Amino acid sequence: PAMASPLDPLSHLDPTIVVFTADEASEILKCDPVTVRRMCRAGTLYAVKLKREWRIPRWVIVRYLTGQDASTPDPGVDVLPFRRIESRHG
């Protein structure tokens, strides 16, 4: 298996995956999916809820794993994938 880069702890994953579900994020973060959902609800992890499922951007997981604030996007961070998901299912 590929090793993660210290700069991008998700470098071993497919780089085209820009949004994860709570279940996928829980595997990466090595915790229970319920914990991830609680973190999303509390605002610890920046996420968007579409239908009944949380969507967590890749940059949020990278920030969380590197000890940075994962609750708020920096200006200019692309959260556009959420709009694309909504338009496909809307």
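Predicted model only: the values in this text are computed from it and were never measured. Quick note: residue numbers are just sequence positions, from 1.
Judged as a side-chain hydrogen bond (donor to acceptor under 3.5 Å, both in side chains), and not counting sequence neighbours, Arg58 has no contacts.
Contact detail for Gly43 and Ser71: the closest heavy-atom pair is O-CB, 2.9 Å. Taking both residues in full, the closest heavy atoms of Arg55 and Leu50 are given as CG-CD1, 3.8 Å, listed atom of the first, atom of the second, then distance.
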Distance-only criterion, 3.5 Å: show the donor-acceptor pairs between side-chain atoms of residues 27-35 and protein atoms not counting sequence neighbours.
unit_1, atom_1, unit_2, atom_2, d
Asp32, OD1, Val34, N, 2.8

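Every pair passing salt bridge (Lys or Arg N to Asp or Glu O under 4.0 Å) that includes a residue from residues 9-23 is listed here, sequence neighbours excluded: Asp23-Arg37.
A single hydrophobic cluster is seen to contain both Ile56 and Val48, as judged by linkage of ILVMFWY side chains at heavy-atom distances under 4.5 Å, directly or through other members. By the rule that hydrophobic residues join a cluster once side-chain heavy atoms approach within less than 4.5 Å of another member, Leu65 and Val62 end up as members of one cluster. Hydrophobic clustering, with ILVMFWY side chains joined whenever heavy atoms are under 4.5 angstrom apart, keeps Trp54 apart from Met39.
Annotation: side chain of Arg63 is not in contact with side chain of Tyr46 (no heavy-atom distance under 4.5 Å).
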